[in-house]
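Written below as structure tokens is the structure these notes are about.
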2 protein chains.
Amino acid sequence: MTPAAVVLTEERILDAAEDVLRRFGPAKATVVDVAKALGVSHGSVYRHFPTKVALRDAVARRWLDRLADPLDPARDTDGPAAERLLRWLERLAAIKQGMALNDPELFATFSQLTTEARDVVAVHVGHLAAQLTEIIADGVSRGEFAVTDPPTAGLAVLHATARFHHPLHAAEWADPAIGAQLQEVWRLLVQGLAVRP
Amino acid sequence: MTPAAVVLTEERILDAAEDVLRRFGPAKATVVDVAKALGVSHGSVYRHFPTKVALRDAVARRWLDRLADPLDPARDTDGPAAERLLRWLERLAAIKQGMALNDPELFATFSQLTTEARDVVAVHVGHLAAQLTEIIADGVSRGEFAVTDPPTAGLAVLHATARFHHPLHAAEWADPAIGAQLQEVWRLLVQGLAVRP
DNA sequence: CAGATGACAGATTTCAAACTTTGTCAGTCG
DNA sequence: CGACTGACAAAGTTTGAAATCTGTCATCTG
């Protein structure tokens, strides 16, 4: 008598934890709340995740993977690399900004992680930099860009656009000029990428 | 019987307030502490500044002006504009990073202001953007740069380097790679500035 | 015997009462 | 008469005792 719906999997715990985080926010959500939502004792949750921090990291990891997925450069191969780069940056900004509006509690969880420099975030930043590197390397192979080291350039582009996607800057996203500011930074960057050093 | 040393001027209040902020930090410093340091009642302080926020803003304004002063591009006119731009960015980063280390309580006051979007900060950002604009406009007139709108480019350079000087990013400055990362971003930006559109 | 439980110690958080701070203003002092 | 004082109301902060939470583990259950 252990039907599939009743087996306590990591997946089900993550679903419940995400729900509890969304409802109560990172400051109020407890492991007891998560267990309560699942109808089990909190000891059972500790059977699957060694600490509360590990559970929160796992929720964030899954959430960030889902976030980075639709950005994959393989999903947008039309037109010059410079324009794909702008679209990528605008989509990243739109996703983060939408999250800050629609899912403020989960966004707060993620922001907290970035200030704690947890490695979940380092991996996420690595994914984003790798996607930028892919666009830049493609631009190089098409003769549009002339950088010698695409991974370094990819990271530099991510750093240069921090204002538009780093959660620390969320308060500045209310400024209606923010989109135009991103375009100005992009304009300088793509011209810099195109130059033969 | 009101000798110069005993007249209660805004200047003396600001000195005392800065001192109290430095000792206790923005969270603990009170108007009563400032008055105590001056040997007057707190009512006298309110005779010169309408609110505690106005007093804190005035301290920050004076402090940020002193900070921006040594950056003035007129003090560094040697060599190509691209190199002066890098030196300016590195000096700005060094000043902010030094402040975060040497004067953590005043730095915390400033960081708090930036998150509250007070206009003291907007003015400071305006000063910095104007200094960048000056370097870029000079580069244009020497034929090194080719931007059509130096003020827009100056603001874009400031935005693109936020990671290296915005107080929100203070925690990331501990990374020893931070200096190299700034140079990579600068490299893309100056190449972008040099391109004839 | 794998998986779940719940009692437990120590750490952390909550809550309400006591205290402090802000900002005002009628009154003092030189 | 103008600069300063200090008593005061309202708002905000501290404090410490009570409640809750985290993480462990001996015990239970199917």
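Just so it is clear, the model here is predicted, and its values are computed rather than measured. Protein chains get the first letters and strands the later ones, always in sequence-line order, with residue 1 at the start of each.
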(message) Name the residue from A/D76, A/D138, A/D78 that meets the side chain to side chain donor-acceptor pair (under 3.5 Å) definition with A/R84.
(response) A/D138
(request) Give the ring-plane orientation class for A/F110 versus A/W63, where under 30° counts as parallel, over 60° as perpendicular and anything between as tilted. (result) perpendicular
(request) Grab the CD-P distance between A/E10 and C/dG3 for me, whole Å please. (result) 12 Å
(message) In whole Å, I'd like the distance from the CG atom of A/L55 to the P atom of D/dT22.
(response) 10 Å
(message) Any donor-acceptor pair, under 3.5 Å, between the side chain of A/R47 and the base of C/dA4, if you only look at N and O atoms?
(response) yes
(request) Could you check which of C/dT5, C/dG23, D/dT5 has an atom nearest any side-chain atom of B/T51? (result) C/dG23
(request) Using whole Å, report how far NZ of B/K28 lies from P of D/dT14. (result) 6 Å
(message) Checking contacts here: which listed nucleotide (C/dT22, D/dT5, C/dG23) is nearest the side-chain heavy atoms of B/V31?
(response) C/dT22
(message) With heavy-atom distances below 4.5 Å as the criterion, would you say the side chains of B/H127 and B/D65 are in contact?
(response) yes
(message) Which is more 5' along DNA chain C, the nucleotide nearest B/A29 or the one nearest A/G39? Just name the residue.
(response) A/G39
(message) Just N and O in the side chain of B/S44: are any of them under 4.0 Å from OP1 or OP2 of D/dT5?
(response) yes
(message) Regarding A/V32, tell me which of base, sugar-phosphate or nothing describes its non-hydrogen contacts under 4.0 Å with the strands shown.
(response) base
(request) Please determine which of B/E134, B/E83, B/Q131 meets the side chain to side chain donor-acceptor pair (under 3.5 Å) test together with B/W88. (result) B/Q131
(message) Need to verify one output field. Residue with the more 5' nearest nucleotide on DNA chain D, B/G43 or A/V53?
(response) B/G43
(message) I need the OH-C1' distance between A/Y46 and D/dC21, as an integer number of Å.
(response) 8 Å
(request) Consider the side chain of B/T30, meaning its heavy atoms from C-beta on, and name the nucleotide among C/dT14, C/dA7, C/dT21 that approaches it most closely. (result) C/dT21
(request) Round to a whole Å and report the spacing from CG of A/D33 to C1' of C/dT14. (result) 14 Å
(request) Report the nucleotide, chosen from D/dC4, D/dT22, D/dT5, that has the shortest atom-to-atom distance to any side-chain atom of B/H48. (result) D/dC4
(request) Take the protein atom NZ of A/K36 and the nucleotide atom C1' of D/dT22, then report the distance between them rounded to whole Å. (result) 14 Å
(request) Take atom CG of A/L38 and atom P of C/dT5, then tell me their distance rounded to the nearest Å. (result) 10 Å
(message) Let's test your reading of the model: under 3.5 Å, does the base of D/dG23 pair with the side chain of A/H42 as donor and acceptor?
(response) yes
(request) Round to the nearest Å and state the distance from A/F24 atom CZ to D/dT20 atom P. (result) 15 Å
(message) Quick check against the 3.5 Å criterion: does A/T77 have a side-chain atom that pairs as donor or acceptor with the backbone of A/P73?
(response) no
